[in-house]
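Note sheet for the following structure.
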Amino acid sequence: MLGKLLLIILAILGIVWLLRGARRTGGDADRTSRAPQDAGALQPMARCAHCGLHLPQAEALLHDGQAYCGRLHRLAGPRAPYGRR
C-alpha cells in the first residue's frame with residue numbers, strides 16, 4: 001500500500017517536472033517556427049586581412065579593399081599570411 005502511494009507520488013512529480021521543462025524551453029515545434037526564413041541560406045564569406053578569420057561578408061569591416069573582422073584589426077592593417085613572413 002505504501003509502495004503504491006510512493007510510486008504514484010513519484011509519477012506525479014515526474015510529470016510535473018517534464019511539463020515545467022517543456023514550458024521553459026518552449027517545446028520543439030515552437031523553436032522551429034521562430035527560425036528566420038533565410039537561416040539556411042548561403043552567405044558570401046570574407047577573410048580578415050590581419051588574422052585570417054572567415055566571417056560573413058555582411059559583418060566584415062571593409063577598408064582599402066580589404067576585409068577585417070574588427071576595428072582593432074582594421075587599425076592594425078593587413079599582415080602576411082603564416083609561412084610568408
Side-chain angles (χ1 to χ4, degrees):
M1 177 74 172
L2 186 60
K4 288 182 182 181
L5 182 62
L6 184 61
L7 186 61
I8 291 172
I9 291 172
L10 287 175
I12 291 172
L13 288 175
I15 291 171
V16 169
W17 179 70
L18 287 173
L19 290 175
R20 288 184 71 197
R23 188 176 61 183
R24 204 174 317 146
T25 60
D28 289 66
D30 199 21
R31 271 188 271 153
T32 56
S33 66
R34 291 186 200 166
Q37 294 288 338
D38 60 347
L42 296 177
Q43 298 180 15
M45 301 295 280
R47 185 173 188 262
C48 177
H50 184 78
C51 68
L53 175 77
H54 288 87
L55 66 154
Q57 202 169 37
E59 295 178 17
L61 300 176
L62 299 175
H63 182 70
D64 291 336
Q66 300 280 344
Y68 296 95
C69 62
R71 186 179 65 85
L72 293 176
H73 282 186
R74 183 183 58 81
L75 293 173
R79 187 168 74 176
Y82 292 109
R84 294 187 183 180
R85 291 181 183 205

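Side chains included, hydrogens not; waters and symmetry mates left out as well; all remaining heavy atoms used.
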Roughly how far apart are [X] [atom1] and [Y] [atom2], rounded to 0.5 Å?
{"X": "Gln66", "Y": "Leu61", "atom1": "CD", "atom2": "CG", "answer": "13.0 Å"}
{"X": "Cys48", "Y": "Arg79", "atom1": "SG", "atom2": "CZ", "answer": "9.0 Å"}
{"X": "Leu75", "Y": "His73", "atom1": "CG", "atom2": "NE2", "answer": "10.5 Å"}

query = Cys69 and Leu53: which non-hydrogen atoms are nearest, and at how many Å?
reply =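 Looks like CB-CD2, 3.7 Å.
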key: Minimum heavy-atom distance between Ala76 and His50, given as atom pair plus value   =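 Minimum heavy-atom contact is CB-CE1, 3.7 Å.
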query = By the rule that ILVMFWY residues connect when side-chain heavy atoms come within less than 4.5 angstrom, directly or transitively, which residues belong alongside Leu13?
reply = Leu5, Ile9
query = For Met1, which fellow cluster members are found when Ile, Leu, Val, Met, Phe, Trp and Tyr are connected by side-chain heavy-atom distances below 4.5 angstrom, either directly or through intermediates?
reply = none
Reference residue Ile15; test side-chain contact (heavy atoms from CB on, under 4.5 Å); the match among Leu18, Leu19, Ile12 =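 Going through Leu18, Leu19, Ile12 one by one, the side-chain contact (heavy atoms from CB on, under 4.5 Å) with Ile15 is satisfied by Leu19 alone.
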query = For Pro56, which residues count as a side-chain contact (heavy atoms from CB on, under 4.5 Å) partner, sequence neighbours excluded?
reply =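 Listed in chain order: Gln43, Met45, Glu59.
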key: Side chain to side chain, Tyr68 and Cys51, heavy atoms closer than 4.5 Å   =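 No; the side chains remain at least 4.5 Å from each other.
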